[in-house]
Amino acid sequence: PRAMSGGYFTTDRARKYGWGVPRLALLTLFAFEVVPRYFLDASGSELNAFAAAEAHPGDGTATYPLRLGAYLRSLRWVGHAYMGSIGAGVNVQVLGFVGNLAMLLAAAAFCVADARRDYSIIVYLAKTFSGDFLAGKLDTAEWKLVLFWTFGVLGPGLWVLAGLEPGATGRTSKSFDVFRDVAFDWATAADAFRPYARIMPILFLIQTVCEFGDAHLEHHRIVGKFFRHRYGFECFTLAAMTLPKLFSRAGGIAPKELRVVQHDLVICLFYRIGNLCIILVKNGWVADFSAKAERVARKALFWIFGIVSNQRLVNVTDVDVAVAVLKKSAVKGDGLERHVATPAWRPLLSLESVDGDLYERMVRAFHELVAKLPEPRKVAEIAEARAEEMLLIARARAGKENAAKDDEASRDVSEATVSLSVDDLSGESGVKSELELSKTKASRRADLLRGGDAIDANAVARFSLAVFVEYVFGRAWEEKFEVLVDASWAWRREIAVRGRADASVKRAAVRLVVDDLIRNDERLWAMHGEAWREPRNYSLIMQPFLISPAINVGDVAVALKRRPGLRLEDAMRDAHPFPIFERFVSEDVYVDRRVDKKNGKTTSGRKNVLAVRKNTQVIMFTSDFRGSNVPWPVFGAGARMCAGTSAALGVLRAVATTLVAAGDAFAPERGHKYSGRHNDGVSSLGEAWYFARTVVPIVLGFGRERQDGVELERRAREALGVET
C-alpha cells in the first residue's frame, strides 16, 4: 500500500480501521444472531414480556426482539449509525467547530428520540464518555460539551422523567400531565434503571481500560497493537456477552443488557467505517479504487462489445504497448469512436474519426490545404499577440492596484506587450499608463473577453477560434463570429455524450464558414469553388482548425489552472484532451519491455515481446496513462498523430505562459461544461440517461450504422439539411 502522511492519516490507522471494520461487523452479527439464541439469561415468557413492552400487538417478530431483523425494522439503527459516523468527522474537524456543533445537535435529537424506547442510549453515552474522560481522551471542546450533555442534561432529565412515569407515588396514568400534582418518586426512577445496574460498570470498565491502553500503551512492545488496533474492545465485549452463561448455569446476559451492548457495537462499527472512509479519501485511496473499478467495468463492457461485434477487442493500459499500437496502425477500426463520435460530429466529417478511402481522400486534401496556409509558426505569433491583449484587458478591468501587483510577477509579458510607436506613447500627460495603453491597444480589435473581467471558458474558446480565424483567413474577430463559440459548445456536448446538440447552431456555423470566411478568401475559394459546400471539404477547415482546438484548448486550460506549476505537456498528460485512442491492428504488435530494478540491481528487459495479436481492435484510454513514469507522446504517434501539432503548440503555449499570468483573472473552469475528459464536476440525471441510452445499445450491438465513405457523406449532408 502507498505510504500515508503523518499525524492522523497514517498507514497504521488505515490498517487499524481497514481490518477493524470487518472484525467488528462479525462481532456485531454475533451479538444479534448468536447471543440471543445461546447466551441469553431469559426464559421464553420473560423474553415475550420484554418484547411485548415495546412491540405492537400481533407483531410476529416480537418473540425475537433482539435479533437483527427486528432491529433493522425498528429503524433505531439510523440514529446509531449517524452518531457513530459523525464521531470520525468531529475528530478530524471536517466541517470545523461550527459544523461539528451542528452535527452534534442532530445527534442529540437522535438521542432524545431513541430514549423514548428504552434507556440503552444513555447507558452507552455514560460509559463511553466517563471512560474516555478518565483515560484523558476528551481533549476537544466538542467532546467536553457532549460530556456535559450526557451527565448534565440528558442523564438527569431521563432520571427525573423515569420517576414521574405512571406508578410513581400517588401517580396514575390519568393524572400524569397535571402539573400541580407532579410528584417525583425516587424508587420508581431506580426501578427504571435497575436492569442496567450490572452491565453499566462492566462496559465502563471495558471502555476505560481500552481507552487508557490506546492512549498510554499504544507503543508497548507486547500489548501495544492489542489496544491500538482495538482488539481489546472486541475481546472484552465478547467476554461480557458470553462468559456469564459459560461459567454459570443460571446466569447469562439479560435482554436489556444485551440491547445496550448491541447498540454500542453498532455505533462503534459506524465510527470505524467513518474513520476508514476519511482516511481513504484523504490519502487518495478512494480515487485509486474508483479508477480500478472503472477499469474493470470498462474491460467487461468491451468484452461484451467484442463478442457482440464478433471481433477480438483489447483495452490496452500499458504506455509502451499503446505507443507501439499507434505507430503500427493508421486504421481506427470498429470501436466506440466510429459509432459514437462520428455521428456526434455531423454535419462535419472528423478527420480524426473517419477511416478507409474517405480518410485517404480527406488527408490528401488536408495537406493540399495546409500548403496554401502560412507557416505554422505564424499561429504562435498570432496566439501570443491575442493572449497579451486579453491579459492587458483583464488587468485593466481588475483595477490599477491589481495591475501593479501583477506587474513585477510577469514583467517579461508586460515588456513584450508595450511595444507601440512614439506617437502612441505620447499624450497630453507625456506618457500613458499601462491601463490607458491597454485601452488604446484593445480598441483596435474586438474584445475577446466580451466585456467580462475574467478569462473564462467562453473567452478561452473565443481566443482559440480568433487565433485560427486570423491564421487561416487573415481576418480579425468579429461579432458575427460568435456563432462559432456557441457551436463549439454544441459539438462538445454531443461528442462527450452529455446530450443532443442544437442542430441549428451547428448548421449556422457551417454557413458562416462556407458562405463568408471561405467564400471571401480568393486563395481558398479557388481550391474547390462550390465544392467547398461538400462536408468532406468544409470539414477540413472546421474540424482541425476551429472546433477541435476550441474544445481541446479549453480542457488543457482547465488542467493548467487546476494543477499550477505543471509543465504544459505534463498538464496535458494529467487531463488529456483526447480521452480515447482506437486502432485496429492487422499484424502482431511487439514491444521491448523496459528494464526492471530488483533489489537495487538492474536486470535486462525482454526484447520483442508479443503485446497484441493481429486482427485485434484496440481501445486505449488516456486516463489509464495518468501518473505513468513514461513520457508518452501527448499528440499521438504514427501515421495518424495530430497533423496540426506545431500549430496547436503555438496556441497552448500562449495559454500556459501569457494567459496563466493573469492570476485570479485566469478562470477557464468558470463556465466549463460538457467535458468528457477531466469533466466539469457537474452531470445531471438527464445527461447520465442520455449517455446510457446512447452507449449501451451500441455496446449490445444495436443502433450501429454503415460506415462506408459514401454513407458517411450522405448522412453529413442530411444533417446539414441538404437534399441528397
Side-chain angles (χ1 to χ4, degrees), residues 345-354 358-359 361-376 378-379 382-383 386 445-446 448 461-491 501-553 643-644 647-648 650-651 709 712-724:
W345 272 109
R346 290 176 186 142
L348 300 187
L349 294 169
S350 171
L351 194 59
E352 299 170 357
S353 304
V354 297
L358 179 60
Y359 169 73
R361 287 186 288 127
M362 288 184 66
V363 78
R364 283 196 299 270
F366 176 75
H367 289 303
E368 293 173 4
L369 170 64
V370 170
K372 299 287 186 180
L373 300 178
E375 295 181 28
K378 186 68 175 176
V379 176
I382 297 170
R386 300 296 80 76
R445 291 181 173 272
L448 296 183
R462 191 177 298 111
F463 162 72
S464 173
L465 289 163
V467 169
F468 282 105
V469 164
E470 187 171 350
Y471 169 69
V472 176
F473 305 104
R475 292 174 62 175
W477 188 258
E478 302 175 31
E479 180 68 25
K480 62 183 175 181
F481 297 162
E482 282 296 314
V483 68
L484 295 176
V485 178
D486 297 335
S488 72
W489 290 112
W491 263 295
D502 187 339
S504 64
V505 175
K506 287 182 174 182
R507 288 193 289 265
V510 173
R511 286 195 297 269
L512 172 74
V513 171
V514 175
D515 296 335
D516 187 337
L517 290 170
I518 298 177
R519 186 68 181 84
N520 292 318
D521 189 310
E522 294 182 2
R523 171 193 44 144
L524 295 178
W525 189 256
M527 291 182 64
H528 300 294
E530 289 295 330
W532 273 113
R533 303 186 187 282
E534 289 295 323
R536 68 174 178 275
N537 290 326
Y538 64 67
S539 295
L540 296 176
I541 288 180
M542 290 197 67
Q543 183 265 312
F545 290 108
L546 299 178
I547 304 303
S548 280
I551 295 173
N552 298 332
V553 171
V651 177
L712 288 177
E713 288 192 82
R714 186 191 68 79
R715 287 187 172 271
R717 293 191 202 96
E718 187 179 80
L720 188 60
V722 176
E723 296 183 3
T724 56

Is any side-chain heavy atom of F473 closer than 4.5 Å to one of I518? yes

Taking side chain as C-beta onward, heavy atoms only, is E534 less than 4.5 Å from R717? yes

Do W345 and I547 make a side-chain contact, defined as non-hydrogen atoms from C-beta onward lying under 4.5 Å apart? yes

Which heavy atom in A531 sits nearest to a heavy atom in N537, and how many Å separate them? O-ND2, 2.7 Å

Looking at side-chain heavy atoms only, is the closest gap between L712 and R346 below 4.5 Å? yes

Is there a donor-acceptor pair under 3.5 Å between the side chain of R507 and the backbone N or O of A719? yes

Any ion pair linking D521 and K372 (charged N to carboxylate O, less than 4.0 Å)? no

Is there a donor-acceptor contact under 3.5 Å from the side chain of W525 to the main chain of N520? no

Taking atom CG of L358 and atom CD of E713, what is their separation to the nearest 0.5 Å? 5.5 Å

Counting C-beta onward and ignoring hydrogens, is there a side-chain heavy-atom pair between D516 and R475 closer than 4.5 Å? yes

Polar contact flag, side-chain donor to acceptor under 3.5 angstrom, W477-E482: yes

Quick one: are R511 and L720 in side-chain contact, heavy atoms under 4.5 Å? no

Which of L369, L373, V513 passes side chain to side chain contact (heavy atoms under 4.5 Å, CB included) with V472? It is L373

To the nearest 0.5 Å, tell me how far L540 CG sits from F366 CZ. 7.5 Å

Contact summary for F481 and A476, nearest pair of heavy atoms: CE1-O, 3.4 Å

Within a 6.0 Å radius of atom CD on E522, are there more than 12 heavy atoms belonging to other residues, nucleotides or ligands? no

Taking it one step at a time, do F463 and V651 satisfy side chain to side chain contact (heavy atoms under 4.5 Å, CB included)? CA-CA 9 Å; F463 162 72; V651 177; 3.7 Å; yes

In terms of heavy-atom contacts, A461 and S488 come closest through CB-OG, 4.2 Å

Tell me whether E718 is salt-bridged to R714, with the criterion being a basic N under 4.0 Å from an acidic carboxylate O. yes

Would you name the heavy atoms of A383 and V467 that are closest together and state the gap between them? CA-CG2, 3.7 Å

Heavy-atom pair of closest approach, residues P347 and P535: O-CB, 4.0 Å

So, taking the atom named CD1 in I541 and the one named CG in L524, what distance separates them when rounded to the nearest 0.5 Å? 5.0 Å

Quick check: closest heavy atoms across Y471 and P374, and the distance to 0.1 Å? OH-O, 2.6 Å

Is the backbone of L351 close enough, under 3.5 Å, to the side chain of Q543 for a donor and an acceptor to pair up by distance? yes

Looking only at atom types and distance, does a side-chain atom of N552 sit under 3.5 Å from a main-chain N or O of S548, one as donor and one as acceptor? yes

State the CZ-CZ distance between R386 and R462, to the nearest 0.5 angstrom. 14.5 Å

Can you find a pair of side-chain heavy atoms, one from L348 and one from Y538, that are under 4.5 Å apart? yes

